[in-house]
Amino acid sequence: MESAMDCVQSGWNRVSCTSRPRGEGYFVIQRSKTMNQKHEESNLYKIRHSAAHVMAQAVLEMFPEGKVAIGPPIEDGFYYDFDLPRPLTPEDLEAIERRMREIIASDYEFVRRELSPEEARALYADQPYKLELIEGLEKGLDEYGMSEVEKPVITTYRHATFEDLCRGPHVERTSQINPDAIKLMKVSGAYWRGDERNPMLQRIYGTAWETAEQLEEYLHRLAEAEKRDHRKLGAQLDLFSIHPEQLGGGLILWHPKGGLIRHVAEEFCKAEHLAHGYDLVYSPHIGKSTLWEISGHLDFYRENMYAPMEIDGQEYYLKPMNCPFHILMYKNSLRSYRDLPFRFAEWGTVYRYERGGVLHGLLRVRGFTQDDAHHFCRPDQMPEEIDFVLNFCLHILRSFGLTEFNAYLSTRPGEGKAVGDPAQWRDAEAALEAALKRAAIPYEIDEGGGAFYGPKIDLAIRDAIGREWQLSTIQFDFNLPERFDLTYVGEDGQEHRPYMIHRALLGSMERFFGVLIEHYGGAFPVWLAPVQAVLIPIADRHVAYAEQVAARLKEAGLRAEVDDSSDRMGNKIRKAQEQKIPYMLVVGDKEVQAETVAVRLRTNENLGPKPIDEFIAMAQAAVAEKREL
RNA sequence: GCCCUCGUAGCUCAGUCGGCAGAGCAACCGCCUUGUAAGCGGUCGGUCGUCGGUUCGAGUCCGACCGAGGGCUCCA
């Protein structure tokens, strides 16, 4: 889907993925089990895990008939899932939290013991979820139903009246949990074992730290993240809007200021594409069912496609992807080995059905524009092509001020789950990995995590406050060239099958915009800022001069406005600060006299009076260098 | 789609026990003519998400629906 903007699918590779504890937030990359294990011995891990047990005790005291499921530590805290006779209220959470502090103060010891499966079953005779876990443990599965290398020993940890099936480790005594460093955050629904066919449990999320200061810091971090929320800033800065009731959920209106930013971003990217061997192409929004039958989308991607419309007795579908169109362009002529590679790029708007509950601002939408491209190349060109596209991708992302990356290389799924020649897969995987190494990007390998049609690199960026967002994807496709019988004429005069690579760099303009808003907290670099400078006349008599200066700035290619409202200067500055306009140019008697502008930056820095040309040169340099200011 | 919470003016929010729908900001109209984050006054602005029910009387209680927020599932 758009989170990775993979051109072919997402839904095609519907191998069931068992849910695991994950951090909060959107599209946080799942941590691998090995990463989790590194933290298991840490004090915070033990504190959080132990806090989960203490919470479970408090909940069971309140609901003796309640059933407990699992309660692991997670990034920043812990949760525990319960099956309870009634929904929990915010007041319940307060009561539970109070009781937790009492339990902590009682300083109970955590006692570990090993049990035989029979003993465990007797202990949890009235706890069906625990019985299911015990059954799994006997089969060598962990609490998430994933297979373990070694068959686990059944252990429990007991403190006070609560004994939980648990592999530990825990703190030694409840008093080692700081009562001033825990907080219950929210209650939400969660399916048992993450499977929507299973009963919905109530999950209580909590956070726990070593010190009250750390808790405070964490809450502050949450508040800071909330201030950057692209939905809030989108309204505050008048960038975009969503109208679920009148227009429909997941459909974005780009307002003039958001549209300006998108325009500047696209112009830059398109110019870079043209300068780097891409052809810009355009394709329509709908295509006949035949096309989607050949591509396989109707077989494998139907659940994400909208219902067909009938035109002259033929079924047409709104496009969920651009690839079939680009493939038809490739097929339109006989292709020679001399002409390869082809790089067809398109800002293609696609529509995909997303379930109502998952729509989220600009980050998860139903209609979006991908910066999509398809490369067609000879096998011998493939390594170079991959190298090129990865570097091009990094160049584009860096231009937007995104400089920290993490890559995820997904390789061939198990036997029978992949199309194409295994040797081709190995070549492709090797080329992908070699390119990552040359680019010196940190990466992880998701063994067997590739789609059935080819291996891929997903690239995530780290934003200004350390959150990871997946944007780019570079995917091989051994499937569509077969389905559409793509060929080129080789040196030997014979027909050969080209390699095909899908890629999206920013992913989707909508999602990228959302990430960019959050990364910059709305304070865009000068080249992207919708209004780059606002002229602030101190009194009415300075308005004419302000207009003149604004005209000169516009001639110089800068986006400038004049605030000719009847507000005082202080309020004009306040409004400009709130709009995060990079340059505030105050003009009063002195400036008119000296033909200068008093430059104030949105960082609150006051640069004092500057000749107009000097300011123009300064702002132009910031634009050219894509600086924040 | 599922669970919980929520829906009052353009925005942020108040509204007690069921008894005349409020404030600030914004917008608009004036006055002020201003020196680095809110000058002063006035005016406008509401089917209290929608529909139904209980009641003499519903923003308030009940139900359904729509939508949002946070999660789950999905999504890489």
Side-chain angles (χ1 to χ4, degrees), chain A residues 1-6 9-11 13-14 16-19 22 24-30 79 81 86-90 92-93 185-205 226 229 231-232 235-236 238 242-246 248-249 303-304 352-361 363-364 408 410 446 449-451 456-460 469-473 475 507 511 536-543 566-578 584-591 598-602 604-609:
Chain A
M1 85 101 3
E2 88 251 35
S3 58
M5 287 310 119
D6 47 294
Q9 90 244 312
S10 54
N13 180 26
R14 196 122 308 180
S16 75
C17 179
T18 311
S19 109
R22 260 192 284 184
E24 296 178 315
Y26 296 89
F27 307 100
V28 174
I29 304 298
Q30 274 187 21
Y79 69 77
D81 288 344
R86 67 164 174 84
L88 291 165
T89 64
D92 291 331
L93 282 198
M185 304 297 286
K186 59 199 168 198
V187 54
S188 64
Y191 300 108
W192 165 237
R193 292 209 146 149
D195 189 327
E196 61 184 327
R197 291 165 301 191
N198 286 339
M200 173 84 52
L201 307 173
Q202 296 193 67
R203 173 171 299 177
I204 304 177
Y205 282 96
E226 209 177 310
D229 189 312
R231 294 164 300 180
K232 208 167 246 180
Q236 188 188 322
D238 197 16
I242 305 175
H243 305 261
E245 309 211 21
Q246 289 178 284
E303 62 193 76
N304 287 292
R352 299 180 187 176
Y353 172 71
E354 298 287 349
R355 290 162 124 192
V358 307
L359 298 175
H360 182 85
L363 300 181
R364 194 80 180 264
Y408 301 84
S410 300
D446 183 4
K456 66 173 174 178
I457 293 174
D458 289 322
L459 201 63
W469 306 85
Q470 193 183 312
L471 297 175
S472 320
T473 185
Q475 312 190 343
R511 185 170 147 67
I536 298 180
I538 289 179
D540 288 351
R541 62 177 181 279
H542 308 125
V543 170
S566 64
D567 289 322
R568 299 208 168 196
M569 182 201 59
N571 202 32
K572 290 180 184 180
I573 286 174
R574 182 164 194 267
K575 287 189 298 183
Q577 287 287 154
E578 277 173 350
M584 280 152 270
L585 308 177
V586 177
V587 295
D589 291 334
K590 284 180 276 182
E591 287 74 21
V599 182
R600 180 198 163 102
L601 306 179
R602 69 180 164 208
N604 286 331
E605 197 181 347
N606 195 341
L607 302 184

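All of these numbers come straight from a predicted model, not from anything done at the bench. Throughout, a chain's letter reflects where its sequence line sits, starting with A, and its residues are numbered from 1. We use all heavy atoms of the structure for the numbers below, so side chains are in, but hydrogens, waters and symmetry mates are not.
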Hey, which sits more toward the 5' end of RNA chain B by its nearest nucleotide, A/R355 or A/K572?
A/K572
Closer than 4.0 Å, any side-chain N/O of A/H360 to the OP1 or OP2 of B/rG70?
yes
Roughly, in whole Å, what's the span from CG in A/D567 to C1' in B/rG30?
14 Å
Minimal heavy-atom distance between A/D567 and A/K575, with the atoms involved, is OD2-NZ, 2.7 Å
Look at the side chain of A/R568 and decide which nucleotide, out of B/rC32, B/rU33, B/rA68, has an atom nearest to it.
B/rC32
Write down the distance separating the C1' atoms in B/rG45 and B/rA26, rounded off to the nearest Å.
11 Å
Using atom C1' of each nucleotide, how far apart are B/rU16 and B/rU54 to the nearest Å?
22 Å
Residues in side-chain hydrogen bond (donor to acceptor under 3.5 Å, both in side chains) contact with A/R600, at least two apart in sequence or another chain
A/Q577, A/N604
Would you call A/R197-A/D195 a salt bridge at under 4.0 Å N-O?
yes
Per A/M569 side chain, nearest of listed nucleotides B/rC32, B/rG71, B/rU36:
B/rU36
In whole Å, what separates the C1' atom of B/rC20 from that of B/rG15?
13 Å
Atom CG of A/N571 and atom C1' of B/rA38: how far apart are they, to the nearest Å?
5 Å
Classify A/G357 by what it touches in the nucleic acid, base, sugar-phosphate, or nothing, heavy-atom distance under 4.0 Å.
base
Can you tell me how far C1' of B/rU73 sits from CG of A/D81, to the nearest Å?
13 Å
Across all chains, not counting sequence neighbours, the salt bridge (Lys or Arg N to Asp or Glu O under 4.0 Å) partners of A/D446 are none
Check the distance between B/rU5's P and A/Q202's CD and give it to me in whole angstrom.
9 Å
Nucleotide nearest A/A190 when distance is taken to its side chain, options B/rU36, B/rC72, B/rG67:
B/rC72
Out of B/rU73, B/rC72, B/rU36, minimum distance to the side chain of A/R203 belongs to B/rC72
To the nearest Å, give me how far apart CD1 (A/I536) and P (B/rU34) are.
16 Å
Of A/D195 and A/L359, the one whose closest nucleotide on RNA chain B sits nearer the 5' end is A/L359
Among B/rU34, B/rG35, B/rA37, the one nearest any side-chain atom of A/N604 is B/rA37
Can you figure out which of B/rG7, B/rG71, B/rA37 approaches the side chain of A/E245 most closely?
B/rG7
P-based separation of B/rA21 from B/rA27 [nearest Å]:
29 Å
Distance in angstrom units between A/M185 CE and B/rC72 P, rounded
14 Å
Under 3.5 Å for both pairing distances: what stems, at least three Watson-Crick or G-U pairs long, include RNA chain B?
B:1-7 with B:66-72, B:10-13 with B:22-25, B:27-31 with B:39-43, B:49-53 with B:61-65
Assign A/K590 to base, sugar-phosphate, or nothing according to its heavy-atom contacts below 4.0 angstrom with the strands shown.
base
Within the 4.0 Å heavy-atom criterion, would you say A/E591 contacts the bases, only the backbone, or no part of the nucleic acid?
base
When you compare B/rC31 with B/rG46, how far apart are their P atoms, in angstrom units rounded to a whole number?
28 Å
Would you indicate whether the side-chain heavy atoms of A/I204 and A/L93 approach each other to under 4.5 Å?
yes
Could you work out the separation of B/rC17 and B/rG70 based on their P atoms and round it to a whole Å?
31 Å
Below 4.5 Å, heavy atoms only, C-beta onward: do A/V587 and A/I536 meet side chain to side chain?
no
Quick one: do A/R541 and A/D589 make a salt bridge, cutoff under 4.0 Å?
yes
Consider the side chain of A/Q577, meaning its heavy atoms from C-beta on, and name the nucleotide among B/rU36, B/rG1, B/rA37 that approaches it most closely.
B/rA37
Indicate yes or no for a side-chain donor-acceptor contact from A/K456 to the backbone of A/G450 under 3.5 Å, with no hydrogens or angles considered.
no
If we take the P atom in both B/rG59 and B/rG52, what is their distance in whole Å?
14 Å
Base, sugar-phosphate, or nothing for A/A576, non-hydrogen atoms under 4.0 angstrom?
nothing
Presence of salt bridge, A/R355 and A/E196, under 4.0 angstrom
yes
Regarding B/rU36, can its base be found pairing with the side chain of A/R574 as donor and acceptor, where the two atoms are less than 3.5 Å apart?
no
Heavy atoms only, 4.0 Å cut-off, all strands: where does A/A539 land among base, sugar-phosphate and nothing?
base
Please tell me if A/R86 has a side-chain N or O lying less than 4.0 Å from either OP1 or OP2 of B/rC3.
no
From the list B/rG39, B/rC74, B/rG35, which nucleotide is the closest neighbour of the side chain of A/V586?
B/rG35
Inter-nucleotide P distance (B/rG19, B/rG10), Å rounded:
25 Å
Ion pair A/R203/A/D81, N-O distance below 4.0 Å:
yes
Checking contacts here: which listed nucleotide (B/rC32, B/rC72, B/rU36) is nearest the side-chain heavy atoms of A/V358?
B/rC72
Could you tell me the separation between the CD atom of A/Q246 and the P atom of B/rG49, rounded to a whole number of Å?
16 Å
For the base of B/rG71, is there a side-chain donor-acceptor partner from A/Y191 under 3.5 Å away?
no
What contact category does A/D540 fall into here, base, sugar-phosphate, or nothing, at under 4.0 angstrom with non-hydrogen atoms?
base
Figure out the CG/P separation between A/L93 and B/rG71, and round it to whole Å.
15 Å
